[in-house]
Structure formats: C-alpha cells, structure tokens
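Step one of this worksheet: look at the structure below.
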Amino acid sequence: MTSAGGPSDKRPPESSSAEKNDTLKYQLLGPSLTKAGQDKVDQQKVSEIIYNASKGSKFFNHEQDRDRNLTVKIERIRKEKARLRETRPDRDLSQYVIHVDCDAFFAAVEELDRPELKTVPMAVGKGVLTTCNYVARQFGVRSGMASFVAKKLCPQLVLVSQNYEKYSAKAQEIREILAQYDPLFESASVDEAYLNITAYCSANNMDPEETVQKMRAQILERTKISVSAGIAPNAKIAKISSNINKPNGQFRVPNERKAVMEFMKDLPVRKVNGVGRVFERELDSIGIKTCGDVYPQRALLSKLFGEKAFQFLAQCYLGLGRTKIEPVETHERKSVSTESTFHEIGDKEELRDKLRWAAQEMEKDLLRTQFKGRTLTLKVKLHTFEVLTRQTAPPRAVSSAKDLYDFAVPMLAKLEKDIPGMKLRLLGLRCSNLVSTKKISVNFFGPASAHQRPRTVEPPPHQDHEIGAEEAFEAAARQEVQDEMNDLEQLSQETGLPGQGAEDIADDRTFNDHVDFCLSRQTIREVVQDTSETALSNLMASNPPNPPNLIRKRKNPSQPVSSEPDPRQKRLFFQ
DNA sequence: GACTCGTTG
DNA sequence: CCTACAACGAGTC
C-alpha cells in the first residue's frame, strides 16, 4: 500500500483524473514522494516516463485495478458528502424560529392583581428577587439580587412574596395562544417559549414579523401580559433577539447568511445562551469579546478550551443554531434535589436535624414527581463557601425520608471526620439515577420508561415502519456522528476556515507567541483570576483536590416534566 | 460506571 | 442575606 506519506498537497485534482490517467500516474510514483531531494524534480515528467515504461506489465495492470478501486471509492465519498449537505444543511435558512419572553413576568402578574403596584418600584421574592418591575429596574434593582441589597439601592422597594401557582395558571393562558401558532411549541421555562412559525406563515400567507405582531397583540389583549419576541432562522439567534426590544417589542434577524453573520459579528459572546461569567472572562483573556472575535482565534480554541467549546464557538461565530423545536414533554427529568442555606452550624446534632429536614423535603418532592433515586448525593457548603458533594448508591432505590436520612448520615459523618471543626452554611440532598414510580406508560418512547434515553430519536425519513429500540439507539448514534461531520464541513466551507493543519495554528499566533499551547484550564484561571485558594487547603493536604476539569459545553438539554414545572428552572440549549 | 467538581441559567 | 434548582462535561479511579 502507498499509505505511507499518502496523497498530500501534490495530489492531482480528482475532477480531471479520468481521461488523463493522472491518478494512476500519481499512484505509480510510489510512496516516496515526500522524500528529501525531490523538490527540484519535475514530478510530472517522472510520472510520464514511469507510466510509459511500465505500461502493459502485470504490475501496471495491478496498479491500474487498485487505482480504479480508489477512484470509485473517492467518488462514493464525494456523493456522500453532497448527500449529507442536502439532507441536513447546517445553515438552514428556511425556518422562522421565534423566542417569546414575557416581560417581568412574575411582577406583571402581581400588577394585574394589584394595579397600584404598577407605578412603584416592586419586586417578587423573599431572600432573593425572582423578578422586579421596570420601575424598580430604574434603581439598578435586578432579578437574582439579594433583597437586602435591593433595599439599599431602593429603600421604597415593595416586596411581594411569590405565588407560583398563580404564575403557572397565567402562563397556561399564554401557552394556549402560542399553540395556535405552533402546536408543537417548546416551553423553555414558565415565561419563555420557542416556536417554529414557518408553517403558520405559509398557511396564512403572512410574513413572520406581522405574524409575531399579531400574536403579541393577541396575548396582550387576552391575558394583559406583554411579551417580547425574537424572530430568526434558529433558536440561538431568536433567543438573543427577544431581548433586544424588550419590553413589549420584537426584533428580527432576517433569514439571510449575510444578515446573520453581521448580527453575530459585534455581539458580545456573553449574550449567547451558555456563555456565563466564567467563560466570558476566559474568552476575554485571549481577546474574544464578541462572536466576531472568535474567528481570528479559531486555531487556538480547541487547544485552550477543548473540542466541544471550539464547536460551540464556531457556531456562535457563524450564527448557527437548531431549528428543531419540540414540545418539552418529550424530555425526561434526571434528578430531584433540595437544599437550604442557614446560619453557620457546627453542632453535629443540629446538622442531623437539618439533614432530617432535608430528607423530609426530598420525600415530598419525590412523591410529587413520582420518582425513586438509585443514587443519593449529599451536598454541603462550608462556612468558607466551599462546596462539597458526596454520593452513594444505596442497595435499592430510595424515596422515603427514613431511607434518605439513613443513607445520607454516613456521608455526613465521614465529612465531619475528614474536616475537623466543620461548619456548614448549606446542606442538601439529591436523588439521581431515577426510577419512575408512575404507572406503566403505554408509549415505549414516552417519559415514563425508566431506562429509556430521554433523548428523542428522529427516525430516518424514508423509514415508515415502527423502529425498535436498538435501531433507534443506532440512529441516534449515527445522527451524532453526522452532526459532527456537518459542523466541520460547514466550518471549512462557509468561512474558508482551512482545515486544521499545523500551518493554520502557526499563522494564527498573532497575540500569543508567549502562550503555551498546552495551557491548561488551571493556567487560564491563573491568568484571568486573582483568586487565592480559600480554606480547605488543610483538608487537601490529605485529600488533594481534583485537577481542574476542562469543562465545556453540554449537548442535549432536557427539562423536567412540564406538568410540574419549577418556574425557577431555566433550560440550556446548545448546538 | 461511580464519584466529584465546576459552570450555566 | 449572594438562593435553589437542574443539567451536564470532564477528570479520576
């Protein structure tokens, strides 16, 4: 075989190969093309001579056969490449995806009941604000803010305690309207949803903007809740867009490649769903502030943050995102947890009381959500704010408060033993590896099936018979590989990103001659953070901390069953 | 696979 | 008085 030193940049173009026997001549040159001392030689002439000299020999015929086979194989590869592009175009500009987001939802619902609150700064939440109205925002008050801080910013701030049931009921009214525009819409949280309105638009011969205008007006009229919306070719951009003309507004990024690229170019990476405080700073440290900044640094990214992050950022730069919107009911819950914060406690008996209480809360939650857990996790936060978790797999799935407590206590005891004088400010329990206690579901692929992967599997379009689980899994696996390939291809084709050759990396080392390409995440941390390691170092002497994990993106989001949504829950969407 | 830690929203 | 939940990537063993 000629695999050693195989076809390189000297390879003849496949297109003109047939009539001129170029590939065969190339093959006949043998494996030594890249050997030193050949640079000056005219390979064209050499191959011509070899060709004519060996013509008709057995060797020649054999090589000819091999060349024919390879040519056929390459043709198949090209066809497959074309097919992949056709079947799943990465930049799908054919869909109108919208993201609908209620404006200051909880606060807005409260204002419906108590209109006098409309004109005063008001927030919903006790210790921490869940939402605040736009009057309060004038003072710098934000959701997620501790209420004592908010009070300092705005002493007149009116605090209203939250009533989830009320908000859920209101959200249901809104969802009924959404369903008219896309019956398969996707709830992202109580007050957020994704819709694909492509079908609606064409059926009613309306453009997406007037459709969304109409929808928003309808929601406001019927429910008295104002919503904002983003209209875009995919969910990622729609989500970002819904924030642009908030409140009570909408924004559209047209379904054109140029418009999308331009929109992403100056967009701060932080605006993208999935980029938080930490990742933002890490990216900033290598000069990436906007999605457009990703491109010049592209060769560095997978080295610094891993392949996943590279893929993710490439998609940010390109403005790619999913267009598939599906009801949230198809997702499955992965864990149930409860935790609570309190003043520092060091007393062992008192800690056991807290644990007992957590176990009781957990029991209620498990009953409500109809699950048992095969894995039990104890979470604690030390007085230093250091967080630790300890996990066990009880001999059977657990759900009763007694079981939860009994299996959790040894973990707590071990922590107390390992950390002399341990003082906690938080204690929590989590059950994962869930086993459903719901009645047997009729639908095999439905959420109730315990060992079933929650991920929904899309059967190949030509397949109209029922597919079995094995096949479904395989299809899912194939899909994943295909997605990956498409990503890469998209990247190199549409942006002119030239493969992953070593030259690219060298070319791109603009700012970072001094940067070691093997930079670990820890090193990045050291560069961008000024943290001195907090307590626990004494513990670590005997029990060293794990090295930093090169975390990055998650893949398939999922959401708790929508019948019992936790309003605080938000979803993550990547890809 | 089990366990742990960390990030994100 | 900087919360509570859930998901998940990734490293280690």
Side-chain angles (χ1 to χ4, degrees), chain A residues 101 125-130 142-152 159 162 164 188-192 239 269-282 305-309 311-312 331-344 358 361-362 365 369 371 374-381 385-394 411 414-415 425-434 454-455 520-522 525 529 531 536 540 543-561 564-575:
Chain A
D101 197 347
K126 272 249 148 65
V128 169
L129 311 183
T130 329
R142 292 286 154 80
S143 56
M145 187 176 269
S147 51
F148 84 103
V149 176
K151 274 282 186 187
K152 276 189 183 143
L159 289 176
Q162 55 206 6
Y164 290 124
S189 67
V190 252
D191 65 336
E192 272 177 68
K239 164 86 182 165
V269 284
R270 181 62 197 268
K271 300 276 183 191
V272 180
N273 217 328
V275 179
R277 252 183 16 254
V278 175
F279 201 20
E280 179 191 31
R281 283 189 65 185
E282 290 175 353
F305 306 112
E307 190 57 26
K308 284 269 193 250
Q311 296 289 331
F312 175 77
H331 299 279
E332 173 71 318
R333 183 191 277 264
K334 301 279 178 20
S335 68
V336 177
S337 66
T338 174
E339 65 191 61
S340 66
T341 299
F342 35 77
H343 58 273
E344 287 171 23
E361 283 298 298
M362 192 70 198
D365 288 349
T369 54
F371 283 111
R374 281 205 293 256
T375 302
L376 179 64
T377 306
L378 175 75
K379 172 177 171 179
V380 300
K381 195 185 276 182
F385 282 83
E386 216 80 34
V387 177
L388 301 173
T389 60
R390 292 296 179 264
Q391 188 176 329
T392 58
M411 295 191 276
K414 177 146 195 329
L415 282 171
R425 74 184 324 278
L426 172 148
L427 192 147
L429 287 176
R430 170 163 65 235
C431 277
S432 48
N433 234 321
L434 299 180
R455 170 173 189 168
S520 70
R521 185 185 171 82
Q522 181 64 59
R525 280 257 177 81
Q529 277 182 12
T531 57
L536 250 209
M540 294 316 178
N543 188 11
N546 287 338
N549 48 344
L550 291 148
I551 308 176
R552 272 335 5 170
K553 296 300 95 138
R554 47 207 72 125
K555 242 186 165 168
N556 282 300
S558 80
Q559 156 95 350
V561 274
E564 261 298 312
D566 184 336
R568 291 159 296 189
Q569 164 81 12
K570 299 258 170 134
R571 289 186 68 190
L572 316 175
F573 286 116
F574 299 95
Q575 72 166 325

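Every chain is numbered from 1, with letters handed out A, B, ... down the list of sequences.
When rounded to the nearest whole Å, the span between CD of A:Gln311 and P of C:dG9 equals 14 Å. For the pair A:Phe342 CZ and C:dC1 C1', the computed distance is 15 Å after rounding to whole Å. Atom CZ in A:Arg425 sits roughly 8 Å away from atom P in C:dC1 (whole-Å rounding). A:Arg390 places its CZ atom 18 Å from the P atom of B:dA2, with the value rounded to the nearest Å. Distance A:Lys239 NZ to B:dG9 C1': 8 Å, rounded to the nearest Å. Computed from coordinates, the A:Lys381 NZ to B:dG6 C1' distance equals 13 Å when rounded to whole Å.
A:Arg430 comes within 4.0 angstrom of nothing in the nucleic acid, heavy atoms only. Among the atoms of the strands shown, only primed sugar atoms or phosphate atoms (P, OP1, OP2) are found under 4.0 Å from some heavy atom of A:Thr392. Residue A:Lys379 is out of contact with every strand shown, counting any heavy-atom pair closer than 4.0 Å. Within the 4.0 angstrom heavy-atom criterion, no nucleotide atom of any strand lies near A:Val149.
In the set B:dG9, C:dC1, B:dA2, B:dA2 carries the atom at the smallest distance from any side-chain atom of A:Asn433. Comparing atom distances between the A:Leu388 side chain and each of B:dC5, C:dA10, C:dA4 picks out B:dC5 as nearest. Here the side chain of A:Ser337 is nearest to one of C:dC5, C:dC8, B:dA2, namely C:dC5. When each of B:dT8, C:dC1, C:dA10 is scored by its nearest atom to the side-chain atoms of A:Val278, the top-ranked nucleotide is B:dT8. Taking the side chain of A:Thr375 as heavy atoms from C-beta on, and the options B:dC3, C:dA6, C:dC5, the nearest nucleotide is B:dC3. Side-chain atoms of A:Arg270 lie closest to B:dG9 of the nucleotides B:dG9, C:dA4, B:dC3. Listed nucleotides: B:dG9, C:dC1, C:dC8. Nearest to the side chain of A:Asn273: B:dG9. Distances were taken from every side-chain heavy atom of A:Ser335 (C-beta onward) to each of B:dC3, C:dC2, C:dA7; the shortest belongs to C:dA7. In this structure, the nucleotide among B:dC3, C:dC2, C:dA6 sitting nearest to the side chain of A:Gln391 is B:dC3.
Using a 4.0 Å cut-off, no side-chain N or O of A:Thr338 falls inside it from OP1 or OP2 of C:dA4. Note on A:Thr389: every side-chain N or O is 4.0 Å or more away from OP1 and OP2 of B:dT4. Residue A:Lys308 places none of its side-chain N or O atoms closer than 4.0 Å to OP1 or OP2 of C:dA10. Between A:Ser340 and C:dA4, a side-chain N or O to OP1/OP2 separation shorter than 4.0 Å is absent.
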*asked:* Would A:Leu429 and A:Lys379 count as a side-chain contact (heavy atoms from CB on, under 4.5 Å) here? Give the steps.
replied: CA-CA 6 Å; A:Leu429 287 176; A:Lys379 172 177 171 179; over 6 Å; no

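Side-chain contact check for A:Leu129 versus A:Leu159: some heavy-atom pair is nearer than 4.5 Å. You'll find the side chain of A:Thr389 stays beyond 4.5 Å of the side chain of A:Leu378, heavy atoms only. By the 4.5 Å heavy-atom criterion applied to side chains, A:Lys334 and A:Asn433 are not counted as neighbours.
We find that A:Arg430 and A:Glu339 are not joined by a salt bridge, their nearest charged nitrogen and carboxylate oxygen being 4.0 Å or further apart.
Centroid-to-centroid, the aromatic rings of A:Phe305 and A:Phe279 come within less than 6.0 Å.
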